[in-house]
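Single-structure report; data block below.
Residue numbers count from 1 along this sequence. Counting starts at 1 for both ligands and their atoms, following the listed order.
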Amino acid sequence: MTHSPRKIIIDTDPGQDDAFAILLALASPEDLDVLGVVAVAGNVPLPLTELNSRKIVELSGKTATKIFAGCDRPLKRKLVTAEHVHGKTGLDGPDLPAPTMPLQTQHGVEFIIETLRREPAHTVTLCPLGPLTNIAQAFLQAPDVVGRVQQIVLMGGAYFEVGNITPAAEFNIYVDPEAAEIVFKSGVPLVVMPLDVTHKVLTTRARVEAFRGLNTEVGRVAAEWADFFERFDMEKYGSDGGPLHDPTVIAYLIRPDLFKGRHINVEIETQSDLTLGMTVADWWGVTNRPANALFIGSVDADGFFDLLTERLARL
Ligand code: RIB
Ligand code: CA
């Protein structure tokens, strides 16, 4: 029985790892129908995340894909960026040509609202790969769309791995904790890819050489993104490569069997300066707080990279 591709909106702050996620999604039309790509301020400011989004989509060749700019700052706080990880452009490594693809004039939050109102209820999945500002703004501006979302599959948070931007918090949640609180309390079915799982998908040399060995422009660019992106985590953690955080979101939609997790309660710290942005995950069930998220803890890493590489080879 053939299944129809799942309709998704990718919300993103590219970011080399975001780029892998966008390419994986666009290379998988039998599984995913990408209704739009919405840029958000995060790894780098919005003018760069929207420019990078257009560069990545253009590289994929899927130039009918609509790209939007969303929010340029968190709901209530100053923007915190991550050039120390991604470089000053946010997409350092290979040089990509200036894009010829247009940016849609509609605001990305408007696009999310309009799409959720137009498509049948529970048929659109949101895939946030950066701070949750756009999603939260859509829910604040149009509460009627919250109940129409099929699922949110996001990269963010951490429990056993603790923080990567502070001792307690992962970057995407830390940048906009108020937005994260809105999303985690929304009641929308959540699947969370925290550092606990993304730190298990490392760009080892063999995996990067498999990208390069595709002998395609996409393979070359992917290898050079990985070569640049991995250095920060390798120096910090002494790991055997960098964690490819964001494509775990897309891989989950295509091959959920590659992942394992628990349906638990996850709440967001928004008050304490010390632990701001911490995802307080009740992994051991020590509270009676209702479960609100499938929190992913493990992955078949070889299966993940086989899927990613096989799909990149299509572009
Ligand atoms: O903490 C990792 C996350 O922050 C990834 O999504 C990366 O792209 C950055 O947005
Ligand atoms: Ca990201």
Among Asn172, Val201, Leu195, which residue satisfies the side-chain contact (heavy atoms from CB on, under 4.5 Å) criterion with His245? Leu195
Are any of the side-chain nitrogens in Arg220 or Glu217 under 4.0 Å away from the carboxylate oxygens of its partner? yes
Whether Asn43 side chain and Asp13 backbone form a donor-acceptor pair below 3.5 Å: yes
Listed pairs under 3.5 Å, donor-acceptor, residues 93-101 side chains, sequence neighbours left out:
{"residue": "Thr100", "atom": "OG1", "partner": "Glu58", "partner atom": "OE1", "Å": "3.4"}
{"residue": "Thr100", "atom": "OG1", "partner": "Glu58", "partner atom": "OE2", "Å": "2.7"}

Phe68 and His107: aromatic ring centres closer than 6.0 Å? no
Who passes side-chain contact (heavy atoms from CB on, under 4.5 Å) against His122, sequence neighbours left out? none
Total protein N/O/S atoms whose distance from the Ca ion (ligand 2) is less than 3.0 Å: 5
Surrounding NZ of Lys55 (heavy atoms of other residues, nucleotides or ligands, distance under 6.0 Å), is the total greater than 12? yes
So does Glu230 pair up with Arg207, basic N to acidic O under 4.0 Å? no
Contact table ligand 1 N or O to protein N or O, d under 3.5 Å:
{"residue": "ligand 1", "atom": "1 (O)", "partner": "Asn164", "partner atom": "ND2", "Å": "2.9"}
{"residue": "ligand 1", "atom": "1 (O)", "partner": "Glu170", "partner atom": "OE2", "Å": "2.6"}
{"residue": "ligand 1", "atom": "4 (O)", "partner": "Asn172", "partner atom": "OD1", "Å": "3.1"}
{"residue": "ligand 1", "atom": "6 (O)", "partner": "Leu129", "partner atom": "O", "Å": "2.8"}
{"residue": "ligand 1", "atom": "6 (O)", "partner": "Asn172", "partner atom": "ND2", "Å": "3.0"}
{"residue": "ligand 1", "atom": "6 (O)", "partner": "Asp246", "partner atom": "OD1", "Å": "2.7"}
{"residue": "ligand 1", "atom": "6 (O)", "partner": "Asp246", "partner atom": "OD2", "Å": "3.0"}
{"residue": "ligand 1", "atom": "8 (O)", "partner": "Asp17", "partner atom": "OD1", "Å": "2.7"}
{"residue": "ligand 1", "atom": "8 (O)", "partner": "Asp17", "partner atom": "OD2", "Å": "3.1"}
{"residue": "ligand 1", "atom": "8 (O)", "partner": "Asp18", "partner atom": "OD1", "Å": "2.9"}
{"residue": "ligand 1", "atom": "8 (O)", "partner": "Asn43", "partner atom": "ND2", "Å": "3.1"}
{"residue": "ligand 1", "atom": "8 (O)", "partner": "Asp246", "partner atom": "OD2", "Å": "3.2"}
{"residue": "ligand 1", "atom": "10 (O)", "partner": "Asp13", "partner atom": "OD1", "Å": "3.2"}
{"residue": "ligand 1", "atom": "10 (O)", "partner": "Asp13", "partner atom": "OD2", "Å": "3.0"}
{"residue": "ligand 1", "atom": "10 (O)", "partner": "Asn43", "partner atom": "OD1", "Å": "3.4"}
{"residue": "ligand 1", "atom": "10 (O)", "partner": "Asn43", "partner atom": "ND2", "Å": "3.3"}
{"residue": "ligand 1", "atom": "10 (O)", "partner": "Asn172", "partner atom": "OD1", "Å": "2.8"}

Ring centers of His199, Tyr237 separated by less than 6.0 Å: yes
